[in-house]
K.L.:
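Structure below; questions to follow.
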Amino acid sequence: MAALTLAALAEKLGAELRGDAAAEVTAIAGLGQAGPGQITFLSSSKYRQHLNECSATAVILKDVDAEFFNGNALIVKDPYLAYAKVAQMLDSTPASATDIAPSAYIAPDAVLGEGVAVGHNAVIESGVVLGDHVQIGPGCFVGKNARIGQGTKLWANVSIYHNVVMGDHCLVQSGAVIGSDGFGYANDKGRWEKIPQLGSVRIGDRVEIGACTTIDRGALEDTLIADGVIIDNQCQIAHNVSIGENTAVAGATVMAGSLKVGKHCFIGGASVFNGHMEITDGVTVTGMAMVMRPITEPGVYSSGIPLQTNREWRKTAARVLKIEEMNKRLKSLEKKLEKDAQ
């Protein structure tokens with residue numbers, strides 16, 4: 001991998017450089033593991049005592065921590081954000097595909113931009129449009145009339161159903177399914193009648209979708225994922241859900257149909273959302289929350305019982321089962337006190 005000088009990194013990060021501007025780094029590592037030729041970062045001052053033990057070529061840190069380190073330093077306001085940017089510059093992740101594999105099937109009328117790569121055993125169906133420098137990993141399926149924007153990367157075995165539209169510079173991890181049927185059925189005296197899902201999925205630019213996540217197509221209108229959304233592994237996004245710009249959804253979250261989630265929300269892992277309601281912008285939902293009602297004000301919301309010892313949990317559960325009885329007794333006591341006070 002090509003080396004980067006600290007001077008070049010400082011310029012790209014807008015950082016203050018203290019030390020040897022000509023020193024070079026080729027990789028990034030954790031504070032306790034980084035050695036010569038590597039760069040590391042300190043994002044929390046509570047770990048600054050480890051700076052004296054650090055043998056990295058350079059450390060990214062805040063100004064308040066710089067006085068505790070005598071080596072090469074890149075001083076920034078947000079070391080964690082700077083770390084993310086340096087990691088991108090030094091990223092060694094391979095392409096999911098590097099050329100058009102001979103075993104790939106590409107329909108004659110599919111349109112491929114410049115520099116498109118399609119891996120072994122991938123299928124590109126009729127009417128598909130792939131933008132410039134799209135990477136389609138081995139075993140992927142891209143259904144009829146789907147459109148994938150420039151610079152988007154699909155890892156192995158991703159399924160993109162018919163008519164799905166995906167924007168530029170997206171990243172989809174292995175096993176994700178986008179555009180599968182939503183869970184739509186009508187009951188006819190106990191017998192389920194399938195409702196064809198006639199909408200699609202529309203995904204914006206710079207969206208990242210985790211491994212084995214499913215995003216269902218809409219029943220009539222489209223399921224919508226806005227620009228900059230990041231969705232973790234093994235999430236279920238049901239039909240006609242709408243997720244606003246730059247919202248983050250952690251793993252194993254389930255969103256029921258026709259839910260609308262606003263912009264800049266943070267959804268903790270294993271959370272469950274009822275359908276046909278709205279979550280406003282700027283909401284944080286902590287992990288394992290059960291969201292059954294709309295949220296109309298920004299803020300942090302939680303539900304569920306934090307982990308306890310089994311002994312404590314059994315007591316809590318027993319008390320919960322008696323809440324109705326306790327409520328009746330409380331009301332009876334309140335009435336007695338009111339009567340005695342008169």
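What you see is a predicted model, and the numbers here were worked out from it, not measured in a lab. Hydrogens, waters and symmetry mates are skipped; everything else that's a heavy atom, side chains included, is used.
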K.L.:
Considering only heavy atoms from C-beta outward, does the side chain of Val25 approach that of Gln38 to under 4.5 Å?
P.N.:
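Contact flag for Val25/Gln38 side chains = no.
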
K.L.:
Side chain to side chain donor-acceptor pair (under 3.5 Å) with Ser302: which residues, sequence neighbours excluded?
P.N.:
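Expected list: Thr286.
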
K.L.:
Mind listing the closest non-hydrogen atom pair of Ser271 and Gly268 along with its distance?
P.N.:
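What the structure gives for the nearest pair is OG-O, 2.8 Å.
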
K.L.:
If only atom types and distance count, is the side chain of Thr247 paired as donor or acceptor with the main-chain N or O of Cys265 below 3.5 Å?
P.N.:
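Judged by distance alone, yes, a pair lies under 3.5 Å.
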
K.L.:
Side chain of Asp232, backbone of Gly210: donor and acceptor closer than 3.5 Å?
P.N.:
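No; judged by distance alone, with no hydrogens or angles, the pair does not exist.
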
K.L.:
Any carboxylate oxygen within less than 4.0 angstrom of a Lys/Arg side-chain nitrogen, looking at Arg18 and Asp63?
P.N.:
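Between Asp63 and Arg18 there is a salt bridge, with a charged N closer than 4.0 Å to a carboxylate O.
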
K.L.:
For a side chain to side chain donor-acceptor pair (under 3.5 Å) check, start with the C-alpha distance between Asn157 and Ser174, then their side-chain angles and the critical distance, and finish with the verdict.
P.N.:
CA-CA 6 Å; Asn157 301 314; Ser174 292; 5.8 Å; no

K.L.:
Should Ile60 and Leu9 be marked as a side chain to side chain contact (heavy atoms under 4.5 Å, CB included) after you check the CA-CA gap, both sets of side-chain angles, and the distance that decides it?
P.N.:
CA-CA 10 Å; Ile60 303 167; Leu9 285 175; over 6 Å; no

K.L.:
Go through the steps for Gln236 and Thr214 under the test side chain to side chain contact (heavy atoms under 4.5 Å, CB included), then give the verdict.
P.N.:
CA-CA 5 Å; Gln236 162 63 20; Thr214 301; 3.5 Å; yes

K.L.:
Is a side-chain N or O of Thr152 found less than 3.5 angstrom from the main chain of His169, in a donor-acceptor match?
P.N.:
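Checking the backbone N and O of His169 against the side chain of Thr152, a donor-acceptor pair under 3.5 Å is found.
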
K.L.:
Tell me, with the steps shown, if Leu13 and Met89 meet side chain to side chain contact (heavy atoms under 4.5 Å, CB included).
P.N.:
CA-CA 11 Å; Leu13 296 174; Met89 298 177 208; 4.1 Å; yes

K.L.:
Please check if the number of heavy atoms outside Glu11 that lie under 6.0 Å from its CD is greater than 12.
P.N.:
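Counting neighbours around CD of Glu11, 12 or fewer heavy atoms of other residues, nucleotides or ligands fall under 6.0 Å, so no.
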
K.L.:
With a 4.5 Å heavy-atom cut-off, do Ile209 and Ile203 have their side chains touching?
P.N.:
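Answer yes - side chains close enough.
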
K.L.:
For Asp168 and Gly149, indicate whether the former's side chain and the latter's backbone hold a donor-acceptor pair under 3.5 Å.
P.N.:
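It does not hold such a pair.
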
K.L.:
Could you name each residue pair satisfying ring pair (Phe, Tyr, Trp, His ring centres under 6.0 Å) that touches residues 81-102, not counting sequence neighbours?
P.N.:
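Every ring pair (Phe, Tyr, Trp, His ring centres under 6.0 Å) pair that includes a residue of residues 81-102, provided the two are not neighbours, is Phe41-Tyr83, Tyr80-Tyr83.
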
K.L.:
When you compare the side chain of Leu31 with that of Leu51, does any pair of heavy atoms fall below 4.5 Å?
P.N.:
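Heavy-atom side-chain distance check passes, below 4.5 Å.
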
K.L.:
Passes side chain to side chain contact (heavy atoms under 4.5 Å, CB included), Phe141 versus Glu125? Steps please.
P.N.:
CA-CA 8 Å; Phe141 169 81; Glu125 289 205 326; 3.6 Å; yes

K.L.:
Check step by step if side chain to side chain donor-acceptor pair (under 3.5 Å) holds for Asp65 and Ser45.
P.N.:
CA-CA 7 Å; Asp65 296 314; Ser45 296; 2.9 Å; yes

K.L.:
A side-chain contact here means heavy atoms from C-beta on lying under 4.5 Å apart; do Lys335 and Lys339 qualify?
P.N.:
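Sidechains of Lys339 and Lys335: no contact.
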
